[in-house]
Amino acid sequence: MLTVNDPHHWAPIPQVTDYLKKQVAEGAKVLDVGPGHAPLPWATHAVDFVDVPNAPCPVIKCDLANEPLPFADKEFDFVYCRHVLEDMFNPFPLCEEMSRVGKAGYVEVPSPMAELGRGVDGSAPPYRGYHHHRFIGWVYNTELRFVSKYPFVEYLHFEEEQLAGLLRQHPKYWNTFYLWQDRINVFHRQSPLHFQIPTDYVLLLREAIERSRTSADLFFDQVTHAA
């Protein structure tokens with residue numbers, strides 16, 4: 001497991017935000033959804049349910065869990081949403097709203113490695129991942145997949161040293177990176193529709209780890225070649 005002496009990559013990765021900026025045309029309208037403590041420096045608009053003192057643009061108050069985004073259809077050229085969806089009780093209406101108001105965008109959530117590794121959260125407690133997160137997300141081909149993070153993940157068996165090794169190896173393994181055009185292709189993996197909890201949940205999470213590792217490598221290959 002990670003310890004307090006290991007680097008913890010909670011902040012946006014500069015290489016990623018630089019890469020995303022290159023994908024957006026000069027003068028584009030850019031919406032930052034839920035900027036919190038890490039607003040996007042080049043956003044032109046933002047929405048959040050709390051004050052954002054260091055925001056680079058006007059912030060409209062909006063309860064993202066219960067209210068529609070206060071914008072017209074396809075009003076924004078790019079919609080940025082980082083480390084928001086995994087916190088929500090039901091993130092899927094917000095995915096629909098971002099698809100509605102945006103022509104393209106980017107979603108980032110913690111990776112399965114970060115959510116299942118131990119010592120990841122502040123002060124490196126020995127439980128798995130971030131204590132307040134409700135979902136685990138990863139990329140599968142063109143889909144952004146989510147599955148509930150059930151509390152009993154604490155009792156499941158994973159290759160602990162492998163998870164810790166990946167998290168120590170590179171910041172890219174801390175996150176899931178998802179670029180989208182026109183709409184977010186989100187898929188909620190649910191029991192018993194798509195798997196059985198007693199027999200399949202741990203297998204699904206192990207698959208998510210491998211898919212996430214591969215997609216992070218592919219995404220960073222794009223980032224590196226664009227630099």
Are side-chain N/O atoms of Asn175 and His83 paired as donor and acceptor at under 3.5 Å? yes
What I want to find out is whether Lys149 reaches Glu154 closely enough, with some N-O distance under 4.0 Å, to be called a salt bridge. no
Spacing of Thr142 atom OG1 and Ile184 atom CD1 [to the nearest 0.5 Å]: 12.5 Å
Between Ala216 and Phe177, what is the shortest heavy-atom contact and its length? CB-CE1, 4.2 Å
Please list all pairs meeting side-chain hydrogen bond (donor to acceptor under 3.5 Å, both in side chains) that have one or both residues in residues 218-227, counting only residues at least two apart or in different chains. Tyr19-Gln222
What pairs with Glu160 under side chain to side chain donor-acceptor pair (under 3.5 Å), at least two apart in sequence or on another chain? Arg128
I'd like to know if Arg206 pairs up with Glu210 as an ion pair, taking the criterion as any Lys NZ or Arg NE/NH1/NH2 lying under 4.0 Å from an Asp or Glu carboxylate oxygen. no
I need the full list of ring-ring contact (aromatic ring centres under 6.0 Å, His included) pairs touching residues 99-126, with sequence neighbours left out, sorted by first then second residue. Tyr80-Tyr106
Taking only residues two or more places apart in sequence or in another chain, which ones pass side chain to side chain donor-acceptor pair (under 3.5 Å) with His9? none
Taking only residues two or more places apart in sequence, or in another chain, which ones meet Ser215 in a side-chain contact (heavy atoms from CB on, under 4.5 Å)? Val139
Can you name the residues that form a side chain to side chain donor-acceptor pair (under 3.5 Å) with Asp87, not counting sequence neighbours? His132, His133
Qualifying residues under side-chain contact (heavy atoms from CB on, under 4.5 Å), relative to His8, sequence neighbours excluded: Leu2, Asp6, Trp10, Ala124, Trp174
All side-chain contact (heavy atoms from CB on, under 4.5 Å) counterparts of Glu143, not counting sequence neighbours: Tyr140, Arg145, Asn185, Phe187
Please list all pairs meeting side-chain hydrogen bond (donor to acceptor under 3.5 Å, both in side chains) that have one or both residues in residues 20-47, counting only residues at least two apart or in different chains. Lys29-Glu75
Heavy-atom check, side chain of Asn54 versus side chain of Pro39, under 4.5 Å: yes
Does the plane of the ring in Phe135 sit parallel, tilted or perpendicular to the ring in Phe146? Use 30° and 60° as the thresholds. perpendicular
Does the side chain of Glu86 reach to within under 4.5 Å of the side chain of Glu108, using non-hydrogen atoms? no
Taken in chain and number order and not counting sequence neighbours, the residues that satisfy side chain to side chain donor-acceptor pair (under 3.5 Å) with Arg134 are none
Could you grab the distance from atom CG of Leu144 to atom CG of Leu179, nearest 0.5 Å is fine? 11.5 Å
At their closest point, which heavy atom of Val79 faces which heavy atom of Gly102, and how far apart are they? CG2-CA, 3.6 Å
Any residue meeting side-chain contact (heavy atoms from CB on, under 4.5 Å) with Pro126, in chain and number order, not counting sequence neighbours: Met1
Starting from Val59 and following side-chain heavy-atom contacts under 4.5 Å between hydrophobic residues (I, L, V, M, F, W, Y), which residues can be reached? Val52
